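Note that ligands are numbered from 1 as they come in the structure, with each ligand's atoms numbered from 1 the same way. Given the structure is predicted, the values throughout are model-derived calculations rather than measurements.
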Amino acid sequence: MIKFKVAVIQMQISTIKSQNLKKVKEMILRAMEEYSPQMVVLPEMFNCPYENKYFPLFAEEYPGETTNMLSNLAKELQIYIIGGSIPEKDGEQIYNTSFSFNPTGAMLGRHRKMHLFDINVEGGVSFRESDTLGAGGSITVIDTEYCKIGVAICYDMRFPELMRLMALEGAEVIILPAAFNMTTGPAHWHELIKVRALDNQVYFVAASPARDLEASYHAYGHSKIVNPWGDTVVAADEKEGIICGEIDLEFVDKIRQQLPLLKHRRIDRYELKKK
Ligand SMILES: NC(=O)CC(=O)C(=O)O
């Protein structure tokens with residue numbers, strides 16, 4: 001199949017996990033009613049506030065309450081769900097992990113955020129994910145009936161090598177559950193999404209939580225889908241809501257044929273290696 005629809009759920013996250021799960025289910029059902037998408041994408045830490053003190057409290061092992069719910073919904077609705085991310089407990093370690101499910105409810109991929117968001121911007125945002133989280137070590141490209149899809153989380157987007165490796169592994173779409181903030185969001189969000197879509201000639205799908213000024217971390221919002229030519233397919237503002245856009249794989253082929261960037265790399269002169 002050449003075209004498919006992707007819905008992005010931009011939800012407000014509360015400090016009560018059961019409320020987050022109830023809301024995400026309601027919003028997925030609403031997305032189905034309004035748009036009949038083949039794939040639904042959730043934001044980073046959709047079941048837990050983006051704050052270090054909550055990660056250990058909300059963490060769950062796989063399979064667990066949240067992943068079971070996503071797997072059941074994927075099967076019931078016969079859709080792909082790219083499950084944003086959740087705090088995942090594995091032994092003593094907690095990861096920021098994105099679980100993806102196919103329309104039979106089977107787990108398709110588990111991406112653990114590779115680059116931890118440890119930053120301190122003067123007069124702006126300061127965060128240290130490594131206070132509570134461990135870093136993942138694998139690049140995630142999932143196989144769907146439509147195409148290969150790269151999955152990464154938020155800060156991972158700032159590392160062009162990772163994005164390029166996903167494209168080299170065959171990804172025609174990159175999906176990024178994310179939670180930029182009010183310092184880095186206005187400064188970099190739109191530019192990074194556009195540049196990653198352009199330099200890898202992919203559809204780039206970025207899913208953010210809605211902005212909540214009552215929370216300690218103010219997410220930027222502005223979930224969006226950008227095509228391989230750098231045009232915005234669909235975009236949200238900062239409020240809670242659902243957006244949906246079409247992925248056209250013929251358009252990916254067309255752009256890659258007309259402007260063959262991936263073929264023009266001078267791999268006789270430089271090389272990008274996966275370890
Ligand atoms: N929250 C993140 O992981 C990343 C982010 O906000 C940024 O890179 O800016």
So if I count the atoms of ligand 1 from 1 in the order they appear, which ones are less than 4.0 Å from some heavy atom of [X]?
X: Ala179; value: 1 (N), 6 (O)
X: Tyr217; value: 1 (N), 6 (O)
X: Asn181; value: 6 (O)

Donor-acceptor pair between [X] and [Y] side chains, under 3.5 angstrom:
X: Asn52; Y: Arg128; value: no
X: His111; Y: Thr140; value: yes
X: Asn181; Y: Tyr217; value: yes
X: Glu44; Y: Asn96; value: yes
X: Tyr220; Y: His190; value: yes
X: Glu51; Y: Ser216; value: yes

With heavy atoms only and a cut-off of under 4.0 Å, state how [X] meets ligand 1: side chain, backbone, both or neither.
X: Tyr220; answer: neither
X: Tyr50; answer: side chain
X: His188; answer: neither
X: Tyr155; answer: both

- Message: Looking only at the aromatic ring of each residue, does the gap between the centers of Tyr155 and Phe159 stay below 6.0 angstrom?
- Response: yes
- Tyr80 ring center within less than 6.0 Å of Phe101 ring center: no
- Decide whether an N or O pair under 3.5 Å exists between Phe117 and ligand 1. no
- Query: Polar-atom distance check: Thr184 versus ligand 1, any N or O pair below 3.5 Å?
  - Reply: yes
Which heavy atom of the protein is the closest neighbour of [atom], given with residue, atom name and distance?
atom: atom 3 (O) of ligand 1; answer: Lys113 NZ, 2.7 Å
atom: atom 4 (C) of ligand 1; answer: Cys154 SG, 3.1 Å
atom: atom 8 (O) of ligand 1; answer: Arg158 NE, 2.6 Å

- Item | ligand 1 contact by Glu129, heavy-atom criterion under 4.0 angstrom |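 Outside the 4.0 Å threshold, so no.
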- Message: Do Arg110 and Phe99 form a cation-pi contact, if we require the NZ or CZ to be under 6.0 Å from the six-membered ring centre and within 45 degrees of the ring's axis?
- Response: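 No, Arg110 and Phe99 do not form such a contact.
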